[in-house]
Number of protein chains: 2
Amino acid sequence: MNQDSILRSLVANNLVSDPSGARGRLLREAARLFRDKGYERTTVRDLAAAVGIQSGSLFHHFRTKEEILKAVMVETIRLNTALMQAAVDSAPSSRDKLQALIRAELESINGQTGEAMAVLVFEWRSLSEESQAYVLELRDIYEQLWLDVLQALRREGVLVADPFVVRRMLTGALSWTVTWYRSGGGLTLDDLTQQVVAMMGLTTPER
Amino acid sequence: MNQDSILRSLVANNLVSDPSGARGRLLREAARLFRDKGYERTTVRDLAAAVGIQSGSLFHHFRTKEEILKAVMVETIRLNTALMQAAVDSAPSSRDKLQALIRAELESINGQTGEAMAVLVFEWRSLSEESQAYVLELRDIYEQLWLDVLQALRREGVLVADPFVVRRMLTGALSWTVTWYRSGGGLTLDDLTQQVVAMMGLTTPER
DNA sequence: TTACAAACCAAGCGCTTGCTTGGTATTGTC
DNA sequence: GACAATACCAAGCAAGCGCTTGGTTTGTAA
C-alpha cells in the first residue's frame, strides 16, 4: 500500500474528502491559511476568497467556521493514522517499526499534509470542547500505534526510558521541525530520521 | 546568584517589570490569559477585568494590545536568558552545563514563567513583523548559550550529532512538556532532566 | 424541455472588537 | 497645601466579524 492508494481508499470510504473536489480544495486552503495566519486571524472572507466564492457561500458547505477547523483536523488524523499503520506493518522488527514511524511522521509534518499538521498542533485551543473530545479519541488510536512499538522495544531491553515520556519527547521534537526544517537545504528527511534515531541510542549495529 | 536576586537585578535595570507593580501584575495576568485562551480570543476587556480596571484604562499603560503581547515575550526572554547564563556559569564541565541548561529550561517552561513561555511558543504569529524581528534578536542571544555548550561537547567528542539539529530537537521536546507535564505526579523535573540526558546517551559515567 | 436540487451571489444584520475621548480621582513633590 | 503628573472611569465610535437571508445560476437526469 503506497501513500496514494491509502488516500484513495479513505476517500472511497468517505473518511477523507477528495482533494480535487470542492470540499477538499477548501480544506487544503483552510489548512494553509490557518497555519500562516492562525485560525482566529483568518476570516471567513479569507477562506472564501481562497477558493473563489463569496463568504456567505461557505456556509452552504459548513455550518460554522469552527466546523472547517474540525474537518481539517479530523481528516488529517484519519489520513495519518492510516499512513502510520502502513509504516508499522511494513517494518519487520520493533526497531525498524520505530524508525519507520519517525520517518513517516517527519514526512507528514514536513510534506504535503504539513500545513494541516501544524494546524493540529497550534490551533488546538480554537476547537470547541466537544470537537476537542472527538479529535482526542481519534488521536488516541494514533498514539497507541507509537506506544505499542515503544513498549515492545522496552520489553526487548532496547529502550530504557519510559515509553510514555519518550513518545511525548518525540512528539515535541518532531512537531517542532515544522518551524525550522526546510527540504532542499542539504538535510534530507532521511538524514533527520537518522539523527533522531542516533540521539536515542538506537543506531543499527552495522552502522 | 539565585533566581530571586537575578530577577531583582533585572528589575533594578528596568529590563523586567516589578512583578508586584501594576505593570508587572498585568503582564502576569496577560500571560495566563494568552496561554489559556490564546491572544486573539483574549479581549482587552478580559485583560482589564483581570487586574480590576476598565478596558480603556489599559491604554494608559500600553499603546496597543499587541504591545502587551510583545512585553510579555520580551521580558520573559530577558529573564530566562539571565537564568540560563547563571546555570551555565555555575556548572564546571560542558556535560554539566548542558544538564544545567536542560534543567533550567524545564523549570522555566513548567515553573513560574511557564505561562509566559507557552505564550512565546504558541502566540508567535500574533506579533507584528517588527516585534518579531526584535524578539528574534533577543532569542538569538539565548540560543547562543545553548549552541556554545553543544559545540563544546561536539569538540570534546561527547556529542556526535549536529549541534544545531540537537538544539532544535531539544527545543521542541522541552517546549512540548508544557502540554502534558504536571508536577506532583510522581515525575519530578529532575527525573525528566535525567530522562532527557539519558535519551541523548549523555548519562554520567558513574551511573 | 422540464423539473429539481445543489451551488453560489449580493446585501446586510447584529454583535464584538480595539481603541479614543473628555473628564475625574489619586498620588508624589516642594 | 498647592500643583502637576499619573492613574483611572464612563461612554461610545468605527471597523470588522461570523453568519443569515432571499434570490439567481448551474449541473443532472428523465
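To the nearest angstrom, P of C:dT20 lies 12 Å from CG of B:Leu58. As a whole-Å value, the separation of A:Leu47 CG from D:dG16 P is 17 Å. Put simply, CD1 on B:Ile53 is 17 Å from P on D:dT6, counting in whole angstrom units. Per the geometry, CD belonging to B:Gln54 stands 14 Å off C1' belonging to C:dG23, to the nearest Å.
A salt bridge is defined here as a Lys NZ or Arg NE, NH1 or NH2 lying under 4.0 Å from an Asp or Glu carboxylate O, and B:Glu137 with B:Arg78 fails to meet this definition.
With sequence neighbours excluded, no residue forms a salt bridge (Lys or Arg N to Asp or Glu O under 4.0 Å) with A:Arg45. By the salt bridge (Lys or Arg N to Asp or Glu O under 4.0 Å) test, A:Asp46 is found to be paired with A:Lys37, residues two or more places apart in sequence or in another chain being considered. With sequence neighbours excluded, no residue satisfies salt bridge (Lys or Arg N to Asp or Glu O under 4.0 Å) with A:Arg155. For B:Asp148, there are no salt bridge (Lys or Arg N to Asp or Glu O under 4.0 Å) partners at least two apart in sequence or on another chain. With sequence neighbours left out, the side chain to side chain donor-acceptor pair (under 3.5 Å) criterion links A:Tyr142 to A:Glu105.
At the phosphate of D:dC8, OP1 or OP2 sits under 4.0 Å from a side-chain N or O atom of B:His61. Put simply, A:His60 has no side-chain N or O that comes within less than 4.0 Å of OP1 or OP2 on C:dC8.
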Could you pull out every donor-acceptor pair under 3.5 Å between side chains of residues 54-62 of chain A and any protein atom, sequence neighbours left out?
none

Please output the side-chain donor-acceptor pairs of residues 24-33 of chain B that fall under 3.5 Å, not counting sequence neighbours, one pair per line with the distance.
unit_1: B:Arg28; atom_1: NH1; unit_2: B:Pro19; atom_2: O; d: 3.4
unit_1: B:Glu29; atom_1: OE1; unit_2: B:Arg32; atom_2: NE; d: 3.3
unit_1: B:Glu29; atom_1: OE1; unit_2: B:Arg32; atom_2: NH2; d: 2.7

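Of the residues in residues 22-33 of chain A, not one places a heavy atom less than 4.0 Å from an atom of DNA chain C.
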Fill in: Per-nucleotide protein contact string for nucleotides 17-24 of chain D, where B marks a base within reach and S marks sugar-phosphate only (heavy atoms under 4.0 Å, - for neither)
SBBB----

